[in-house]
Amino acid sequence: MPIQVLMPALSPTMEKGNLAKWIKKEGDKVAPGDVIAEIETDKATMEVEAVDEGTLGQILVPEGTADVAVNTPIATIVAEGEDASAAKSESKPPQKSTEPPAAKEEKPAELAKNAKEPAQPKPAAAKPPEPATLPDPDVPEGTEMVAMTVREALRDAMVEEMRRDDTVFVIGEEVAEYQGAYKVTQGLLQEFGAKRVVDTPITEHGFAGLGVGAAMAGLRPIVEFMTFNFAMQAMDQIINSAAKTLYMSGGQMRCPIVFRGPNGAAARVAAQHSQDYSSWYSHVPGLKVVAPYTSADAKGLLKAAIRDPNPIIFLENEILYGHTFPVPKLDDYVLPIGKAKIARAGKDVTLVSWSMGMTYALKAAEELAGEGIEAEVIDLRTLRPMDTDTVLASVKKTGRAVTVEEGWQQSGVGAEIAARIMEGAFDYLDAPVMRVSGKDVPMPYAANLEKLALPSVADVVEAAKAVCYR
Amino acid sequence: MAITDFSPVDRAGAFEASFPSPRKPHTHRRTSMTTSGDNLKRLLDLYRTMARIRAFEETALEAHKAGDIPGPLHVSIGQEAVAAGLCANLRPDDRLTSNHRGHGHAIGKGAEPARMMAELYGRASGYCRGKGGSMHIADFSVGMLGANGVVAGGIPIACGAAQGLKLLKSDAIAVCMFGDGATNRGPFMEGMNWAALYQLPVLFVCEDNGVAAFTAAESVTAGQGVVARAESCGVPGVTVDGNDVLAIEETARDLVASIRRGEGPRLLHARTYRLLGHTSTDPAAWRRAEDVEAARGREPLTRFAKLLQERGATEDALGAIRKQAMDEMVKAREGARAAPWPETAVAFDDVQDVGAVAWAR
């Protein structure tokens with residue numbers, strides 16, 4: 001099924017804009033991050049980037065069209081493996097992919113400048129917007145919002161905390177000279193120097209343990225894993241050293257440390273590099289596990305994580321790094337860990353997800369609305385401690401629930417949510433809780449199999465209808 | 001000939017080992033370009049292997065640039081001499097574990113490029129039926145136990161394979177390929193210790209291209225280098241110019257022979273240079289231009305071609321080998337592109353050897 005590209009919004013208040021130019025033409029191959037078109041408003045011009053991979057199928061709105069309403073479909077992308085014949089041989093090669101080195105290189109001087117102005121977003125980096133989410137009650141009404149990618153929001157959170165507290169430092173592979181394998185630590189070395197932005201050899205077990213020791217000695221390390229797949233090498237230090245220290249020492253020794261990096265499936269990197277560890281970490285007492293979806297949550301929760309006296313697993317997502325969301329323009333935007341957010345209100349069924357799973361849940365909610373089913377979408381944001389109250393309050397209203405995650409189903413986070421709903425709202429349930437998850441297989445490499453192994457919007461819609469008996 | 005019989009040979013323009021060991025007896029650099037007894041056919045075979053590896057990776061990069069292969073590729077362009085020289089001494093029943101940069105190892109070990117290319121394309125006819133991709137190519141029929149996406153992941157696996165071979169009283173050996181980055185990881189020391197303790201038939205091959213992902217290895221590595229680390233466990237090691245295919249071929253021949261005789265593990269430290277970036281999307285723009293330029297001057301195929309011409313090979317003959325290699329890989333690419341995608345049911349099989357229960361909601 002072709003994927004629709006929607007008219008993006010430059011700001012939350014934008015309602016329409018002009019489609020200035022198509023950069024890609026029908027039949028061109030596109031990869032996530034490829035600029036496919038330019039749109040403009042009276043305030044600014046921005047680039048539309050592809051968020052899916054495939055071939056630009058049909059241009060629905062020709063260039064030069066004025067006053068295109070936000071969320072109008074402007075083109076379709078045909079996915080690879082669905083219809084390989086659609087690809088034309090003369091197509092331009094993709095200029096970027098989701099691999100780490102693909103990010104644009106900038107001159108150090110510019111990096112340093114960017115680092116000092118964390119609140120200045122780059123308008124050109126805008127993506128088609130995610131389906132609208134409700135405002136966060138933690139943001140005061142009337143706060144100015146700026147569009148920012150998740151990547152920039154994470155960087156700004158670290159920059160702000162490192163300025164605020166000189167015991168905070170970053171350690172990991174490629175975090176300094178290379179500016180981060182996924183460019184999340186861009187500019188940090190230039191502003192804070194090599195003492196606080198530390199490159200390591202490829203030694204996850206070693207540098208995770210080193211972070212734990214530094215935390216015990218009074219520093220506040222941020223340990224970046226190039227991906228959480230590689231954190232498997234460091235699992236022993238994370239669980240046995242970081243998570244259990246306070247308990248084992250009878251409360252004597254704290255371990256304030258943040259382990260962060262991309263988690264979950266990336267594109268076309270196969271089984272060893274594409275796995276969701278949400279349930280692995282959420283199993284462990286002593287850890288707090290945060291998994292934000294939006295840029296605002298990424299910023300507010302990472303700042304909270306860095307200040308927290310406990311070990312925090314901060315699960316980011318490679319595919320979300322380039323997504324743009326509004327972020328409140330506040331001097332010190334810190335969000336509470338352990339609090340879910342109602343991303344979309346509804347009365348018929350509750351969809352519970354977090355991180356990348358929210359993209360499926362929110363799109364499914366839009367589709368369901370078209371069929372007369374009003375889904376309430378809850379973004380957990382933190383997996384441990386889990387905000388059960390918010391979930392139960394919603395289920396008591398809707399009587400039905402579907403969980404959405406990329407990880408495997410057995411012993412997954414969805415299983416935990418379902419159990420809590422059963423324990424806390426059994427009498428309110430009108431149908432069994434359903435779990436949408438990644439399929440019960442290691443991640444295959446081929447494009448068509450990879451797509452099949454991941455949950456889809458259609459899976460969520462189908463499950464939601466099933467629990468509504470429709 | 002035991003490896004301690006090697007005598008270091010100095011050579012004009014030799015690639016300097018940057019980690020000279022203070023304990024010379026087990027550390028050798030040698031050149032073999034003047035070694036007698038080479039026959040031209042054997043040399044041309046080595047050249048052909050190198051040319052095929054180069055052509056495979058250049059073709060795969062083309063396919064990547066054209067958008068045919070969207071995932072990242074880790075290519076070994078500039079390092080072909082190591083795989084070619086080493087694998088010329090291996091038998092199909094010798095086992096080999098590879099790493100993320102493993103196309104050359106697979107071709108050297110005898111894997112078919114057409115099936116490798118199909119795997120890179122994620123097609124049903126690929127070695128792993130489209131389920132593994134570039135980083136997980138395996139061909140058990142030629143003893144290739146698989147590429148591994150985890151740095152140093154293959155080292156203990158090779159030791160285990162060697163232990164199995166020893167218990168089975170086979171004279172086959174296990175070889176593990178890893179980069180300089182892997183030598184800083186725990187499994188390197190763990191594998192080395194175990195192999196020495198049990199005198200296992202394993203050849204450790206450190207393909208030292210000087211850079212771990214995007215970071216210069218020397219900036220994150222202490223001590224006297226990989227040979228000194230191996231020797232501290234009692235594993236004799238040899239450093240060779242990894243861009244000199246004959247040095248690799250002859251050194252590996254001696255090491256493999258002594259391992260087959262049951263003399264225990266050995267380490268081959270091949271100093272080479274990765275001419276391109278960490279992955280197909282990394283322009284490696286952070287490297288100093290003069291270093292890259294100097295490395296191009298030591299590029300193994302051109303160097304070996306020059307030597308072959310001195311030995312009587314004509315440029316036409318070498319050109320024909322290169323063309324044949326490129327034709328083979330272009331054909332492999334065309335075949336891969338035309339091959340069908342895996343059936344969707346394939347996603348759910350081979351999870352366990354009894355057949356996975358299909359995922360059901």
Side-chain angles (χ1 to χ4, degrees), chain A residues 29-31 53 55 80-81 84 87 89 91-94 96-102 105 173-174 177-178 181 199-206 226 229-230 232-233 267-273 409 434-437 439-450 452-453 459 462-463 466, chain B residues 64-72 119 121-124 126 128-136 148-153 181-182 184-187 212-217 219-221 277-286 341-342 344 346-351 356-361:
Chain A
K29 286 201 172 181
V30 294
E53 183 174 288
T55 304
E80 189 187 353
S89 54
S91 63
K92 279 185 195 167
K96 289 188 218 168
S97 84
T98 52
E99 251 304 271
E105 300 287 344
E173 291 156 15
E174 318 293 353
E177 294 288 344
Y178 196 71
D199 275 333
T200 67
I202 304 171
T203 51
E204 282 81 7
H205 183 268
M226 193 182 285
N229 299 287
F230 305 139
M232 288 239 262
Q233 310 284 328
R268 235 48 50 70
V269 287
Q272 288 182 340
H273 290 71
Q409 197 163 73
M434 286 195 75
R435 292 170 287 161
V436 172
S437 68
K439 308 299 183 287
D440 196 21
V441 298
M443 186 61 71
Y445 169 80
N448 62 331
L449 302 188
E450 182 181 76
L452 183 72
D459 289 344
E462 195 187 327
Chain B
H64 177 77
K65 280 189 193 127
D68 288 359
I69 302 175
E119 189 58 39
Y121 268 75
R123 302 307 164 99
C128 313
R129 306 165 76 204
K131 291 159 82 167
S134 163
M135 270 188 285
H136 306 303
N148 196 316
V150 179
V151 174
N184 283 326
R185 288 200 95 121
F214 313 102
T215 295
S219 69
V220 289
T221 308
H278 173 50
T279 68
S280 44
T281 51
D282 170 24
W286 48 274
W341 293 93
T344 49
V346 167
F348 302 100
D349 65 17
D350 290 334
V351 178
V357 175
W359 181 84
R361 275 203 303 258

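Computed from a predicted model, the values in this text were never measured in an experiment. The chains referred to below are lettered A, B, ... by the order of the sequence lines, with proteins before strands, and numbering in each begins at 1.
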ask   = Which bit of A:Leu452 comes within less than 4.5 Å of chain B, counting heavy atoms only: side chain, backbone, both or neither?
value = side chain
ask   = Using non-hydrogen atoms only, which part of A:Met232 is less than 4.5 Å away from chain B: side chain, backbone, both, or neither?
value = neither
ask   = Do side-chain atoms of A:Thr203 reach the backbone of A:Pro201 as a donor and acceptor pair under 3.5 angstrom?
value = yes
inquiry  = Counting heavy-atom pairs closer than 4.5 Å to chain A, which one of B:Gly277, B:Gly122, B:Ala212, B:Pro342 comes out on top?
reply    = B:Pro342
task = Please flag which part of A:Ala453 lies under 4.5 Å from any non-hydrogen atom of chain B: side chain, backbone, both or neither.
result = neither
query = Quick one: what part of B:Ser219 sits under 4.5 Å from any heavy atom of chain A, side chain, backbone, both or neither?
reply = neither
Side-chain touch A:Val269/A:Met443, heavy atoms, less than 4.5 angstrom = no
ask   = Is it the backbone or the side chain of A:Glu450 that comes under 4.5 Å from a heavy atom of chain B, or both, or neither?
value = neither
request  = Taking the side chain as every heavy atom from C-beta outward, state whether A:Gln272 and B:Asn148 have any atom pair closer than 4.5 Å.
outcome  = yes
remark   = Under 4.5 Å to a heavy atom of chain A? For B:Val150 that would be both
request  = Measure from the side-chain N and O atoms of A:Glu177 to the backbone N and O of B:Thr215, and report whether any donor-acceptor pair falls under 3.5 Å.
outcome  = no
ask   = Taking A:Glu173 for the side chain and A:Asp199 for the main chain, is one N or O donor matched with an acceptor at less than 3.5 Å?
value = no
task = Spell out, as yes or no, whether a donor-acceptor pair under 3.5 Å connects the side chain of B:His64 to the backbone of B:Pro72.
result = no
